[in-house]
Amino acid sequence: MAAPQQQLVFAPLGGVGEIGMNLSIYGLGDERRRQWLAVDLGVSFASEEHLPGVDLILPDIRYLVAERKNLAGLVLTHAHEDHFGAILDLWPKLKVPIYATPFTAALLEAKRASEPGAPEIPVTVVPLGGRFTVGPFDVELVTMAHSIPESNALIIRTPAGAVLHTGDWKIDPTPILGDRTDERKLRALGEEGCLALVGDSTNAVREGRSPSEKDVAKTIAEIVKAARGRVAVTTFASNVGRLRAVIDAARAAEREVVVVGRAMDRIVQVARETGYMEGVQDLRSADAYGYLPPNKVVALCTGSQGEPRAALSRIAMDQHPDVTLSRGDTVIYSARTIPGNEREVGRVINGLIEQGITVITDRTHLVHVSGHPRRAELEELIGWVKPKILIPVHGEALHLSEHAALARRCGVKEVVQCRNGDLLRLSPSAAIVDEVPCGRLYKDGSLLVEADARTIADRRRLSFAGAVSVALALGERGELVDDPSLDLLGIPERDRDGGLIHEAVYDAVIETFDSLPRKRRMDPDAVAEAVRRAVRAAVAERWGKKPMCHVHVLAV
Ligand SMILES: [Zn+2]
Ligand SMILES: [Zn+2]
């Protein structure tokens with residue numbers, strides 16, 4: 001008699017319904033004896049308005065922590081922050097073996113070294129295209145073209161079937177660095193039989209094919225060649241192929257490349273260590289910039305997202321110690337603006353233009369291209385792999401539903417749309433069978449806080465409407481033993497008629513206190529609550545907004 005087939009399940013704990021914070025788990029075995037494989041552990045970036053003071057959003061891994069004993073390992077597809085950015089913060093809670101290819105491992109180590117107090121993290125380095133086992137899972141890497149070296153899809157083979165987890169990919173026939181997407185291996189998987197494809201949906205709304213990195217390199221070379229003054233290029237530092245394109249463009253125009261910004265320095269270093277800078281002579285550091293004639297320099301800068309402390313923003317504000325730009329110079333934005341950063345990026349671009357600097361963006365020139373597959377590429381992959389089941393991931397709702405519709409049109413029998421926390425059974429047949437806990441954590445300063453913690457909501461409220469703090473000293477018989485002490489924070493000084501708001505608040509405190517019956521005055525909580533209401537009402541009457549208010553009542 002054949003052994004009963006083992007159940008294979010999949011659950012996204014991040015990255016579905018959003019672009020960012022990728023974390024997927026695969027489980028093998030029945031519910032009571034399931035072994036897990038995790039893929040990626042990424043972050044999302046917070047928007048300053050909604051989450052003031054929050055730097056990063058991380059997946060809530062309470063489920064994995066609870067299942068830690070059964071978690072065989074974590075495999076990283078590539079070194080983009082949305083796939084590996086949460087490791088330094090979250091790995092200590094899991095302490096599972098990590099598997100990564102050389103560039104990803106080296107970048108993780110460089111990141112760790114630059115963060116004081118970051119934990120030692122042992123990583124098993126696996127070769128490109130390698131095959132290895134993680135617990136009961138047989139994992140094989142498939143090289144995929146993307147916008148960073150060493151992006152890998154995973155073929156996860158189990159007794160219940162083989163899954164293709166695509167990671168981030170595109171079909172680029174002429175990438176600048178690294179091998180092309182491994183079509184042969186993907187077709188072979190199609191022949192072998194693919195139970196499920198779990199795939200990147202980022203560009204599922206875009207027709208056709210994503211242009212090649214080589215086309216971008218050509219445009220950049222033309223612009224650098226034609227430029228008269230200095231040239232600065234900003235891009236995502238991790239796109240080493242793009243850095244190579246800029247370096248080649250500079251060399252062709254007999255210019256030297258100056259590297260500006262810490263993230264850029266770090267990547268150049270890691271790319272050298274891992275063999276991705278072969279044939280590139282030494283690049284110059286920022287302090288060499290001032291000695292080079294304007295027509296002999298290309299500055300490769302961080303700051304493509306308008307980050308205020310990054311190189312390009314400081315250059316635009318004329319606050320960079322080494323690098324300046326002026327009328328007649330050219331800045332190339334070789335990057336997409338991540339949604340949420342439009343305002344910051346716009347501020348830098350407009351600031352540069354107002355100084356007479358020419359700014360070239362991907363809106364008018366092919367100076368950037370996405371690393372994700374458009375519809376014709378998604379169709380091609382489905383044709384190669386012929387999955388029985390397709391699960392769209394790595395996208396917002398619109399991307400996921402377009403990817404699902406495309407897969408159905410391509411004849412995929414079972415297309416399952418899921419959300420973070422859904423537990424999908426892949427075999428014997430596909431269905432959402434359960435839910436597992438998931439959610440978000442915020443990196444707030446050096447701490448991780450729960451997304452529903454009051455701190456961030458309080459901070460947002462503070463930023464709209466300020467705060468009043470009141471201190472009252474109560475005597476034994478319920479009398480005020482001193483004048484109330486008041487502090488107003490972030491509240492206008494005067495109302496429309498010129499009256500001092502501080503005074504109005506003071507009067508409201510006294511009047512409210514005096515109007516309380518003697519018995520209630522003896523109760524500090526009752527006093528605090530009455531005063532709090534009165535203060536908020538008094539400010540609202542004069543300002544139209546209700547501040548936060550804290551009342552401290554001291555019984556003396
Ligand atoms: Zn990526
Ligand atoms: Zn990604």
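Since this is a predicted model, take the numbers as computed values, not measurements.
For the pair Ile25 and Leu37, the minimum side-chain heavy-atom distance is 4.5 Å or more. Annotation: side chain of Val139 is not in contact with side chain of Thr133 (no heavy-atom distance under 4.5 Å). A heavy-atom distance below 4.5 Å is not found between the side chains of His372 and Ser210. The side-chain heavy atoms of Leu13 and Ile61, taken from C-beta on, include no pair separated by under 4.5 Å. For the pair Cys194/Lys386, no side-chain contact is recorded, criterion being any heavy-atom separation below 4.5 Å from C-beta on. Considering only heavy atoms from C-beta on, Ile389 comes within 4.5 Å of Leu195 through its side chain. Counting heavy atoms from C-beta on, the side chains of Glu435 and Leu423 never come closer than 4.5 Å.
Here the closest heavy-atom approach between residue Leu378 and residue Asp200 is recorded as CD2-O, 3.6 Å. Nearest heavy-atom pair, Ser313 versus Val348, reported as atom, atom and distance to 0.1 Å: OG-CG2, 3.7 Å. Closest approach of Pro127 and Leu141 over heavy atoms only: O-CD1, 3.4 Å. Across all non-hydrogen atoms, the minimal contact from Asp60 to Arg440 is CB-N, 3.8 Å. Of all the heavy atoms in Cys418 and Ile391, the pair that sits closest is SG-CG2, 3.9 Å.
Expressed to the nearest 0.5 Å, how far CG of Leu154 lies from CG of Asp40 amounts to 7.5 Å.
The ring-ring contact (aromatic ring centres under 6.0 Å, His included) search around His80 returns His78, His146, not counting sequence neighbours. Partners of Phe45 under the ring-ring contact (aromatic ring centres under 6.0 Å, His included) rule, at least two apart in sequence or in another chain, do not exist in this structure. Partners of Ala271 according to the side chain to side chain contact (heavy atoms under 4.5 Å, CB included) rule, which considers only residues two or more places apart in sequence or in another chain, are Val240, Tyr276, Met277. By the side chain to side chain contact (heavy atoms under 4.5 Å, CB included) test, Arg363 is found to be paired with Ile349, Thr361, residues two or more places apart in sequence or in another chain being considered. Every residue was checked against the salt bridge (Lys or Arg N to Asp or Glu O under 4.0 Å) condition with Arg374, not counting sequence neighbours, and none meets it.
Under 3.5 Å, the side chains of His394 and Asp82 contain a donor-acceptor pair of N or O atoms. A donor-acceptor contact closer than 3.5 angstrom links the side chains of Ser370 and Asn203. Ser114 and Arg266 form a side-chain donor-acceptor contact under 3.5 Å, judged by distance and modelled atom types alone. With hydrogens and angles left out, the side-chain atoms of Arg425 and Ser429 include a donor and acceptor closer than 3.5 Å. Side-chain contact check for Ser304 and Thr235: no donor-acceptor pair (N or O, by modelled atom type) lies under 3.5 Å. His365 and Thr219 share no side-chain donor-acceptor pair at under 3.5 Å.
The pair Arg62-Glu450 meets the salt-bridge criterion, since a charged nitrogen lies less than 4.0 angstrom from a carboxylate oxygen. With respect to Glu115 and Lys111, no salt bridge is recorded, no charged nitrogen being found less than 4.0 Å from a carboxylate O. Looking at Glu377 and Lys170, no side-chain N of the basic residue comes within less than 4.0 Å of a carboxylate O on the acidic one, giving no salt bridge. Salt bridge Glu380/Arg209: present, at least one basic N to carboxylate O contact under 4.0 Å.
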Given side-chain hydrogen bond (donor to acceptor under 3.5 Å, both in side chains), test Asn341 with Gln305 step by step and report yes or no.
CA-CA 6 Å; Asn341 296 339; Gln305 299 305 308; 3.0 Å; yes
Working note: Glu18 + Asn420, criterion side-chain hydrogen bond (donor to acceptor under 3.5 Å, both in side chains); need CA distance, chi angles, decisive distance, verdict.
CA-CA 9 Å; Glu18 62 193 343; Asn420 288 337; 3.0 Å; yes
Please evaluate residues Arg242 and Val369 with respect to the criterion side-chain contact (heavy atoms from CB on, under 4.5 Å), reporting the C-alpha separation (whole Å), side-chain torsions for both, the decisive distance (0.1 Å), and the verdict.
CA-CA 10 Å; Arg242 194 72 58 78; Val369 68; 3.9 Å; yes
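For residues 154-165, the pairs satisfying salt bridge (charged side-chain N to carboxylate O under 4.0 Å, His left out) are Glu140-Arg157, Arg157-Glu192, with sequence neighbours left out.
Between Tyr63 and Trp36, the gap from one ring centroid to the other is short of 6.0 Å.
With respect to Thr181, the side chain to side chain contact (heavy atoms under 4.5 Å, CB included) criterion is satisfied by exactly one of Leu186, Val142, Asp172, Leu381: Leu186. Considering Val359, Ile360, Asp362 as possible partners of Tyr333, the one that fulfils the side chain to side chain contact (heavy atoms under 4.5 Å, CB included) test is Val359.
The aromatic rings of His165 and Tyr26 sit perpendicular, their planes meeting at an angle over 60°, well past the 30° parallel limit.
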